[in-house]
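Note that this is a predicted model, so its numbers are computed, not measured. As the structure lists them, so they are numbered: ligands from 1, and atoms in each ligand from 1.
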Amino acid sequence: MLRLENLSCGYGPVVAVEDVSFDLPAHSSLALLGPNGAGKTSTIMAIMGHTTIHGGRILFNDQDITRLPPVKRVDLGIALVPEGRRLFTDLTVEENLTVGGYRLSVQRDKINRQRVYDLFPRLSDRRKQTAGSMSGGEQQMLAMGRALMTEPKLLLIDELSLGLMPKMVDLCFDALAALKQEGVTILLVEQNTARALDFAENVCVMTSGSLAFSGTSKQAKADENLFDVFISAAHE
Ligand code: ATP
């Protein structure tokens with residue numbers, strides 16, 4: 001479904017990601033891991049169309065989307081749950097979902113909204129509550145819900161568990177597992193390595209803007225060198 005071919009990208013002249021290639025088959029999941037500053041967020045942002053492309057290509061279902069505007073990528077079925085959630089904190093749950101589905105017909109909006117509430121009953125109970133007054137876990141659910149309003153085939157999630165209580169992390173990963181079961185393809189950037197390896201069947205590890213490892217989660221768990229990658233990067 002998604003293919004990165006020798007992708008290099010960054011911010012204006014700054015290069016954050018260099019020569020990264022990987023494949024993400026439909027209905028599969030991939031965890032993108034690595035230490036701080038490795039280029040994980042930049043890779044996700046490039047897939048969504050928010051970075052400067054310095055080289056390489058991004059293909060989505062065999063279509064070259066490397067230079068497609070972000071909104072067109074959403075129309076193709078790509079959605080992002082950004083790091084820090086980026087909710088409209090003064091708007092209610094319902095209003096945030098409306099923003100997510102602003103390009104939908106009234107009928108699709110209604111169907112997708114119900115799907116979000118079925119997946120996250122806590123959001124259903126808090127429809128009239130402002131996003132900013134909810135707990136971190138509830139806000140993360142809303143950020144996921146807003147992305148789901150666009151009916152994504154590929155869901156990009158940046159730091160699902162960051163700063164959340166363990167119980168909320170469980171609820172968010174349960175929802176992600178349900179989406180995976182429904183056939184949504186998932187690319188997950190995650191600091192909680194153990195959790196990510198348990199969830200996703202495939203793994204890419206980045207360091208200093210490049211790929212250090214690409215393989216299955218099983219292979220990653222068995223690779224002792226990967227542990228060193230994280231430790232040495234932490235001491236740089
Ligand atoms: P973290 O886990 O800390 O978010 P990351 O692996 O997601 O790290 P990125 O956020 O992609 O890494 O950062 C990769 C590099 O790009 C870093 O050197 C960072 O300073 C740089 N960078 C990120 N955002 C910008 C920006 N808006 N402008 C310029 N450089 C940036």
Trainee: Just need the protein heavy atom nearest to atom 12 (O) of ligand 1, so name the residue and atom and give the distance.
Mentor: Gly39 N, 3.1 Å
Trainee: For Gln114 and Asp118, which I'm curious about, is there any donor-acceptor pair between the side chains at under 3.5 Å?
Mentor: yes
Trainee: Which heavy atom of the protein is the closest neighbour of atom 10 (O) of ligand 1, given with residue, atom name and distance?
Mentor: Thr41 CB, 3.7 Å
Trainee: Could you establish whether Gly37 and ligand 1 come within less than 4.0 Å of each other, counting only heavy atoms on the residue side?
Mentor: yes
Trainee: Is the closest side-chain donor-acceptor distance between Arg126 and Thr92 under 3.5 Å?
Mentor: no
Trainee: For the CD1 atom of Ile47 and the CG atom of Leu4, what is their distance to the nearest 0.5 Å?
Mentor: 5.0 Å
Trainee: Decide whether the shortest distance between a heavy atom of Met206 and an atom of ligand 1 is less than 4.0 Å.
Mentor: no
Trainee: Note the single closest protein heavy atom to atom 23 (C) of ligand 1, along with its residue, its atom name and the distance in Å.
Mentor: Tyr11 CE1, 3.5 Å
Trainee: Compute the shortest N/O to N/O distance between Ala16 and ligand 1 and return yes if it is under 3.5 Å, no if not.
Mentor: no
Trainee: Among all the protein's heavy atoms, is there at least one whose distance to atom 29 (C) of ligand 1 comes out below 4.0 Å?
Mentor: yes
Trainee: Hey, what do you get for CG (Leu211) to CG (Leu7), rounding to the nearest 0.5 Å?
Mentor: 10.0 Å
Trainee: Any nitrogen or oxygen of Val14, side chain or backbone, less than 3.5 Å from one on ligand 1?
Mentor: no
Trainee: Considering only heavy atoms of Gln191, which atoms of ligand 1 have at least one such atom less than 4.0 Å away?
Mentor: 2 (O)
Trainee: Can you list the atoms of ligand 1 that are under 4.0 Å from a heavy atom of Pro35?
Mentor: 6 (O)
Trainee: Against the six-membered ring of Phe199, is Lys180 placed for a cation-pi contact (under 6.0 Å from the centre, within 45° of the normal)?
Mentor: yes
Trainee: Say you draw a straight line from CG of Asn96 to CE of Met149; how long is it, rounded to the nearest 0.5 Å?
Mentor: 11.0 Å
Trainee: Does even one non-hydrogen atom of Gly209 get within less than 4.0 Å of ligand 1?
Mentor: no
Trainee: Just checking, any donor-acceptor pair under 3.5 angstrom between side chains of Glu201 and Ser29?
Mentor: yes
Trainee: Under 3.5 Å, is there a donor on one side chain and an acceptor on the other for Thr130 and Asp90?
Mentor: no
Trainee: So which protein heavy atom does atom 9 (P) of ligand 1 come closest to, and at what separation?
Mentor: Ser42 OG, 3.6 Å
Trainee: Taking C-beta and beyond as the side chain, do Phe120 and Asp125 meet within less than 4.5 Å on heavy atoms?
Mentor: no
Trainee: Tell me whether Met45 reaches ligand 1 (any heavy atom closer than 4.0 angstrom to a ligand atom).
Mentor: no
